Structures are given as structure tokens and as C-alpha cells.
There are 2 protein chains.
Amino acid sequence: MEAREFKNFAYGHFTKISKALSSPRRFELLDYLAQGPKTVERLAKETHMSVANTSQHLQSLREARLVVSSKVKNHHYYELADNEVAELLQLTKRLAERQFPDMGEVRTMETTAGGSVPVISSAEALEDLASGRAVLIDVRAEDEYASRHLTDAVSIPLSQLEEKLEQLPVGKKVIAYCRGAYCLYASDAVRVLRGRGFEAYRLDEGPADSAISREIDADGREIR
Amino acid sequence: MEAREFKNFAYGHFTKISKALSSPRRFELLDYLAQGPKTVERLAKETHMSVANTSQHLQSLREARLVVSSKVKNHHYYELADNEVAELLQLTKRLAERQFPDMGEVRTMETTAGGSVPVISSAEALEDLASGRAVLIDVRAEDEYASRHLTDAVSIPLSQLEEKLEQLPVGKKVIAYCRGAYCLYASDAVRVLRGRGFEAYRLDEGPADSAISREIDADGREIR
DNA sequence: TGTCTATTCAATAATTCTCTTGAATAGATA
DNA sequence: TATCTATTCAAGAGAATTATTGAATAGACA
């Protein structure tokens, strides 16, 4: 193998990874998959894409070895192939936000749009949780909570928030989180809660970012 | 801004980063830039690309905020915009090598082709260096050494190796490194040295990977 | 001032990627 | 067995990306 041929081989493989990450649709799919395994149909619904297109993107992700699939009954479940894929997503997001300052601005504008969405830092949240001054709620779908969630978080999917309000302690802070900084569920939850008199905050992270304490996986084991 | 519009905005920005990394040529350019600032001409020569094409790629890298340029006389120097860019390169390489097992095989085949290129681990190298049983040489170009190198390394560019052989202590191991695992300079150096009777080894990393001890930047300060 | 050099710009053809559509498959259910 | 459902496959139009070429710019140097 010639030196140039070798380089083409190596760089060709490296860029298989980044090529797969280079479509906004695929990046979004991976971002959802970072919350846990999902079927093609579910992913199509969440990203508002056609099933055929979703399947096609998932296949190119599989070719790039970023996801793996398994079959249960006649559903195909897709999930991230490696924890380093989640790291890659995170690093890319962090870099984008650092290098394009308007991104951060638009994000805070958007996540706090509609007013009354105070954000709490993970450090402060940890203190409040440790001292019992606050409760932590996970407003994502139930299966996402089941697959992995932050320690001590209670699952209250956004869709069931109204009917489960009585489960929340009066007089304590309520800290909500969802998929991460670019997911809007937690903000919606905070607005609902504030409307009902709760002192609610949005945690500026999701479990895949995991700067806060530990996480718990599907088997109840602590991660990391 | 609508929710979907917001997602398009966010994912569009994330993928600017990965799009920029998704061309083998650009990945290679970044890989060279991880060794230190370089002019367009120099990069074009090292990658065997036309100057116009190099310039064009550099510009799309600049748009993606992965590199920045500065002007000295009538040369334009390009360099990585942020240390996280180097991390991103590294993570991508590591993931590729893990997910495509044949990559690692081809690499060791290639870097040891021609025979007699034993590799030494960074842990073992550290011991040998600490105890004085070995010397460490950096066989990259001088300016790459100047911009950043491993602690205690001596600069002996591959092109000057033959004439500087007398600088090397007889009876000690000689450990050579270059840009990293996919650069062939160190292997060439080891073959030359072995041909002259030295007990030479290739270090399986470069300064940008920095698993070994510390590095020293252009001002002589330790990094990290 | 004129000439030289390094870099960028602009236009082009070849290639590759994206999304849509409709058909095909394969397993579950009745 | 037939039917349904979830997923994949195949083909095509439209858009974006790549490398090439030659011209344009802008600063250095004589």
C-alpha cells in the first residue's frame, strides 16, 4: 500500500463518522437516540420525517457504525453503538455553541420564551436536592426515563403533568429537566408549574450531558 | 420562532461543524494544523493538493469556525480555532478505529511495513526516559517541534537524521515519534536507526494525542 | 514605479447527497 | 391461509459539494 493510498484509507474512514453526523436530520436522530433505544416509527414521529426517510438515514448511520439495531417482534430498535458517540455529539454541540455565540443567545431566548422560566445551575440544584429543599422531575417520555435518568429524579412526563400535580410537594422548589439544553419540554413544564404557584426551575442539562451527579441506567445501576 | 424552526437553527449549526470535518481533504488539513500554524502553501505541499483547492477548503473550515487565520507579511497563517477542535479530531479517530477493526490492522501493517519497526507503549517509554535508559526524538519538521512537543524530546527532523546521528548516545534506546499513529515519519526514522545499529522504537502517539506525560508549547510553557 | 509572490475569487463539470414516491419484504395476527 | 403492520428497497428529480482552471487582488521588494 502506497503512503498516499494509506492516507486516503485512513482519512476516508475517519470521515465516514463525520459524514454521518453532517446532516441535520441524522444529528437529530442521534440526539433522540442518546435518550435510549427507539423504533423507526417512533423516531419518524418525533422528528416529523417520513418513515422511509428515517429508515434510510438510520441505515447510513448504521453503515458508519454509529448505531446498532436489534429486532423485537416486528419492531426494529435502534440505539447508539457506543458511549463515545454520545460524547462526540456533546463535544460537537459544545464547540458549536462556543464558536457561534449567537447560538447560545437564541437558545436562551427560545427556552425562556413565554416568560417565567428561570434556569438553575447543576451545582445549585445539587445543593438544593441534597438538603431536601427541592425535588427533581424528569418530564421526558416514560421509556426515556426508564432507559437512563438522573439520580433521585421522579418521572412525570410532560403530557401527564397536569394530572400528577398533587404528587409534588407544596413549598419546595421543583426542578425540571428533559433531553438537554435544546429540548423545550422542561420549559413548558416550568411554565405550567409556575402557573399553579410552584417555585419551578429548569435544569440547563439533560441526562446525556450528565454534568450533574450520577445517572441510573435501565437496570437500576449507577453509571460512571 | 417556532419549535421546528428553532430545531432547524440548532441542528443546522451543529452540523456546520461536522460538515466541515466530513471531507477527507479537510480532515487531513486539520490534522496537519493540529501540529501548529502553517501557511496555505505549506499545507498544499504537504497534502499534495493545489493551492487554490487548499485555500478553498481552508475557507470553508474558517466559516465553520474550526480554524482562524492571521497575516504575517504576505503569508496567511492558519491554525486551529480552539483546542476542542483537536479533541474532536482525536475522538473521531478513536471512534473510527474502535468501530472499524480493520483500520487498526491496516495501520499497524502499514506503519511496520518494511520490517523492524517495534512499537513502544507510552507507559514503558516514560519509565525508560525517567531512568535515563532512553532518549526521545521528535522527527517532525522543526517548526512543528517549536510549536509544541513532548517534554524532554530533542528535535531531529527526518530529513536531517542521517547527518545528526552522532548526536545520539550509543547504547541507549532511541524512541522516535512524529505526528501521531497515522504518520509514517517515525517508522522511517526507526528503520534508518536500526540500520545503523541503534535499538530504536516508534512511540505509538504524537504530541496532539498527548497520552504521554506533558507537552511544551512555543513559549516553553508546559501544557495541561 | 513595476514586478513578483501568495492568496483568493469565479466559473465549470463531475460527483454525491437528500427527500419523495411507490413497491417489496418479512414477521405477527386473525 | 389471508391480512395487517413495520420496515426496507429502488428509482428519480433537485440541490449541494468537490476539484480544476484561469483570472484577480494585495502586499513585498527592487
Side-chain angles (χ1 to χ4, degrees), chain A residues 4-5 7-9 11-33 37-64 66-79 143, chain B residues 4 7-8 11-33 37-64 66-79 143:
Chain A
R4 181 102 300 262
E5 204 183 337
K7 284 189 182 171
N8 290 346
F9 173 85
Y11 287 111
H13 272 76
F14 297 151
T15 50
K16 275 186 194 174
I17 306 274
S18 11
K19 260 203 182 71
L21 281 167
S22 75
S23 139
R25 300 308 213 162
R26 283 197 293 273
F27 202 107
E28 190 175 357
L29 286 172
L30 289 171
D31 219 16
Y32 280 112
L33 288 175
K38 288 187 184 352
T39 65
V40 179
E41 198 187 12
R42 171 98 180 267
L43 285 167
K45 198 171 290 173
E46 294 193 293
T47 58
H48 300 101
M49 295 166 64
S50 76
V51 173
N53 198 19
T54 305
S55 167
Q56 206 160 304
H57 277 306
L58 286 169
Q59 255 153 102
S60 64
L61 287 172
R62 187 169 45 196
E63 271 166 39
L66 296 182
V67 303
V68 292
S69 66
S70 54
K71 221 169 175 175
V72 178
K73 299 241 173 174
N74 59 353
H75 286 276
H76 289 206
Y77 281 87
Y78 280 81
E79 64 187 306
D143 65 331
Chain B
R4 180 102 299 261
K7 285 189 183 172
N8 291 345
Y11 288 111
H13 272 77
F14 297 151
T15 51
K16 275 186 192 173
I17 307 274
S18 10
K19 262 203 182 73
L21 281 168
S22 75
S23 141
R25 301 309 214 165
R26 281 197 294 271
F27 202 107
E28 190 175 357
L29 286 172
L30 289 171
D31 219 16
Y32 281 111
L33 288 175
K38 289 187 179 1
T39 64
V40 179
E41 198 186 12
R42 171 100 180 266
L43 285 167
K45 196 170 294 173
E46 295 194 292
T47 58
H48 302 100
M49 295 167 64
S50 75
V51 173
N53 197 19
T54 305
S55 167
Q56 204 161 305
H57 278 306
L58 286 170
Q59 252 152 105
S60 64
L61 287 172
R62 186 169 46 195
E63 270 166 38
L66 296 182
V67 303
V68 293
S69 66
S70 54
K71 222 169 175 176
V72 178
K73 299 240 174 175
N74 58 353
H75 286 275
H76 288 206
Y77 282 86
Y78 281 81
E79 64 187 308
D143 63 332

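Below, each value reflects all heavy atoms present in this structure, side chains not excepted, and no hydrogens, waters or symmetry copies. So that the names make sense, note that chain A is the first sequence line, chain B the second, and so on, each numbered from 1. Nothing here was measured: the structure is a model prediction, and the numbers come from that model.
Taking only side-chain atoms of S55(B), from C-beta outward, the nucleotide of dC19(C), dT7(C), dA6(D) with the closest atom is dT7(C). Closest to the side chain of H75(B), out of dT8(C), dC19(C), dT7(C), is dT7(C). Closest contact between the side chain of T39(B) and the listed nucleotides dT8(D), dT7(C), dT18(D) involves dT7(C). The side chain of S50(A) has dT20(C) as its nearest neighbour among dT21(D), dT20(C), dG27(D). Considering only side-chain atoms of N53(A), the nucleotide from dC19(C), dT8(C), dT21(C) that sits closest is dC19(C). With dG27(C), dC19(C), dT7(D) as the candidates, the nucleotide lying closest to the side chain of K71(A) is dG27(C).
The aromatic rings of Y11(A) and F14(A) stand perpendicular to each other, their planes meeting at an angle above 60°, with 30° marking the opposite boundary.
Here dC17(C) presents its C1' atom at 9 Å from NE2 of H57(A), a figure rounded to the nearest Å. Atom P of nucleotide dT8(C) and atom CZ of R62(B) are separated by 6 Å, given to the nearest angstrom. Distance CD (E28(A)) to C1' (dT18(C)): 15 Å, rounded to an integer number of Å. Put simply, CE on M49(B) is 14 Å from P on dT7(C), counting in whole angstrom units. The separation between L29(B) atom CG and dT18(D) atom C1' is 13 Å, rounded to whole Å. Straight-line distance from the CD atom of Q56(B) to the C1' atom of dA16(D): 13 Å, rounded to whole Å. For the pair H76(B) NE2 and dT8(C) C1', the computed distance is 8 Å after rounding to whole Å. Rounded to whole Å, atom P of dA6(C) lies 17 Å from atom NZ of K38(B).
Between the OG atom in S55(B) and the CZ atom in R62(B) there is a gap of 8.0 Å [rounded to 0.5 Å]. Considering NE2 of H48(B) and CZ of R25(B), their distance stands at 10.0 Å, rounded to 0.5 Å.
Considering only side-chain N and O atoms, R25(A) lies under 4.0 angstrom from the phosphate OP1 or OP2 of dC19(C).
When each of L58(B), L30(B), L33(B) is tested with L66(B) by the rule side-chain contact (heavy atoms from CB on, under 4.5 Å), just one qualifies, namely L30(B).
Listed by residue number, there are no residues of residues 13-20 of chain A with a heavy-atom contact under 4.0 Å to DNA chain D.
Among the atoms of the strands shown, only primed sugar atoms or phosphate atoms (P, OP1, OP2) are found under 4.0 Å from some heavy atom of Y78(B). Residue-level contact check: R26(A) touches the backbone only, with heavy atoms under 4.0 Å from sugar-phosphate atoms and none from bases. In this structure, S23(B) reaches the sugar-phosphate backbone alone: every heavy-atom distance under 4.0 Å involves primed, P, OP1 or OP2 atoms, never a base.
Of the N and O atoms on the side chains of S60(A) and Q56(A), not one donor lies less than 3.5 Å from an acceptor on the other residue.
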Kindly indicate, with the supporting measurements, whether the criterion salt bridge (Lys or Arg N to Asp or Glu O under 4.0 Å) is fulfilled by K7(A) and E46(B).
-> CA-CA 12 Å; K7(A) 284 189 182 171; E46(B) 295 194 292; over 6 Å; no

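With the nearest nucleotide of DNA chain C identified for both S69(B) and S60(A), S69(B) has the one nearer the 5' end.
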